[in-house]
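Notes follow the structure.
When reading the values below, keep in mind they use all heavy atoms of this one structure, side chains included, and skip hydrogens, waters and symmetry mates. In this text, all values refer to a predicted model and were calculated from it rather than measured experimentally. One is the number of the first residue; the rest follow in order along the sequence.
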Amino acid sequence: NSCASPGTLSAPAAAIEIRTEDVARFYRLYEATQGHPTAVQIQRDYLDPGSAGLRHLTRVRNVDAQGIARAVATRPELYANARACLAALPRVRERLERTFERLLDLYPEAGRPPVTILVSRGRPLAIAGPGDGVQVALEGMCSEMAARFLGASVDDRFVNVIAHEYVHVQQAPERANPTVLQRALEEGIAVVVGELISEASLVDVALNHMQVLLVPALDQPVGTARFH
């Protein structure tokens with residue numbers, strides 16, 4: 001069963017935890033309902049026992065059982081295709097361990113909240129905030145839209161986006177009304193440091209990030225969420 005194995009992808013004690021148990025729980029429900037879970041089932045069997053990262057996402061981005069059930073019903077390809085990404089998660093974990101080691105070399109005082117890979121309603125792709133870690137939507141990252149704007153490699157997509165977002169985790173809480181310059185500086189720092197620690201192409205990361213921000217289908221920046 002390809003959906004039964006993901007759990008917590010353990011990392012060295014000094015590194016950052018990568019949590020995937022929400023993905024495993026969602027796909028157990030998905031398979032048990034032949035790909036047609038109801039909002040009641042999603043609430044009871046997926047959201048209620050969810051991780052702290054999943055609970056944070058539902059709170060700050062108004063992700064709820066009705067929205068997920070609606071997305072599963074109207075965009076079934078998102079959730080069917082996302083299962084193909086499960087095989088990439090161990091490879092992503094290995095690369096992220098190296099990425100986080102480079103971050104800690106550059107900034108030993110870095111905060112180390114977990115990265116949570118979960119299943120949502122297709123958007124946002126990822127959110128991050130100081131103290132809250134990073135939450136990444138598997139079905140969004142594995143979508144055709146993400147492949148178009150973030151590159152064909154699933155592994156690269158996950159690593160580059162998570163590296164970028166983890167830099168935002170280290171930044172001060174977002175101001176209530178940030179200026180364009182303040183927002184540009186925050187994003188610029190995340191692009192540069194994310195590139196350094198993930199060994200991605202700086203130009204590609206910057207261009208892809210700007211493209212995603214301009215795609216309404218991937219949602220608009222709200223609150224602490226940035227990469228969507």
Check for a donor-acceptor pair, side chain of [X] on one end and backbone N or O of [Y] on the other, with a separation under 3.5 Å.
| X | Y | answer |
| --- | --- | --- |
| Thr20 | Val23 | no |
| Glu186 | Gln171 | no |
| Tyr166 | Gly194 | no |
| Arg157 | Met141 | yes |

Going from [atom1] on [X] to [atom2] on [Y], what distance comes out if it is rounded to the nearest 0.5 angstrom?
| X | Y | atom1 | atom2 | answer |
| --- | --- | --- | --- | --- |
| Arg75 | Ser143 | CZ | OG | 7.0 Å |
| Phe158 | Leu138 | CZ | CG | 5.0 Å |
| Glu17 | Thr116 | CD | OG1 | 8.0 Å |
| Asn81 | Glu139 | CG | CD | 11.0 Å |
| Ile162 | Thr99 | CD1 | OG1 | 9.0 Å |
| Glu101 | Ile16 | CD | CD1 | 9.5 Å |

Minimal non-hydrogen separation, [X] against [Y], with atom names:
| X | Y | value |
| --- | --- | --- |
| Leu54 | Leu47 | CD2-CD2, 4.0 Å |
| Ser198 | Arg95 | O-NH2, 4.5 Å |
| Gly122 | Leu78 | CA-CD1, 4.1 Å |
| Ala137 | Pro124 | CB-O, 3.6 Å |
| Gly133 | Val169 | O-CG2, 3.7 Å |
| Ala69 | Pro37 | CB-O, 4.2 Å |

I'd like to check [X] versus [Y] (side-chain heavy atoms, cut-off strictly below 4.5 Å). Are they in contact?
| X | Y | answer |
| --- | --- | --- |
| Leu125 | Val161 | no |
| Ile18 | Ile117 | yes |
| His164 | Glu187 | yes |
| Arg123 | Met145 | no |
| Val191 | Val167 | no |

* Could you give me the CA-CA distance, side-chain angles and deciding distance for Asp45 and Arg28, then say whether side-chain contact (heavy atoms from CB on, under 4.5 Å) is met? => CA-CA 9 Å; Asp45 299 329; Arg28 284 196 296 269; over 6 Å; no
* Quick one: disulfide bond (SG atoms under 2.5 Å apart) pairs with a partner in residues 79-151, sequence neighbours left out? ->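 Those involving residues 79-151 are Cys85-Cys142.
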* To do: If you link ILVMFWY side chains whenever their heavy atoms are less than 4.5 Å apart, which other residues fall into the same cluster as Leu181? By chain and number, please.
  => Leu185
* Salt-bridge criterion met for Asp64 and Arg121 (N-O under 4.0 Å) -> no
* Can a salt bridge be assigned to the pair Glu97 and Arg93 using a cut-off of 4.0 Å between side-chain N and carboxylate O? -> yes
* To do: Could you give me the CA-CA distance, side-chain angles and deciding distance for Gln43 and Asp48, then say whether side-chain contact (heavy atoms from CB on, under 4.5 Å) is met?
  => CA-CA 6 Å; Gln43 184 66 52; Asp48 285 348; 2.6 Å; yes
* To do: Tell me, yes or no, whether the heavy-atom count around Glu77 atom CD, taken from other residues, nucleotides or ligands under 6.0 Å, exceeds 12.
  =>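 Buried by this count: over 12 neighbours within 6.0 Å.
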* To do: Tell me, yes or no, whether the heavy-atom count around Arg44 atom CZ, taken from other residues, nucleotides or ligands under 6.0 Å, exceeds 12.
  =>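 Check passes, neighbour count above 12.
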* To do: For the pair Tyr30 and Val119, evaluate side-chain contact (heavy atoms from CB on, under 4.5 Å) and give the outcome as yes or no after the intermediate values.
  => CA-CA 11 Å; Tyr30 183 87; Val119 177; over 6 Å; no
* To do: Examine the side chains of Glu165 and His168 and answer whether a donor and an acceptor come within less than 3.5 Å of each other.
  => no
* Relative to each other, are the rings of Phe26 and Tyr79 parallel, tilted or perpendicular (30° and 60° limits)? ->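 Correct class here is tilted.
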List the atom pairs, with distances to 0.1 Å, where a side-chain N or O of residues 102-111 and a protein N or O form a donor-acceptor pair under 3.5 Å, not counting sequence neighbours.
unit_1 : atom_1 : unit_2 : atom_2 : d
Arg102 : NE     : Ile197 : O      : 2.6
Arg102 : NH2    : Ile197 : O      : 2.8

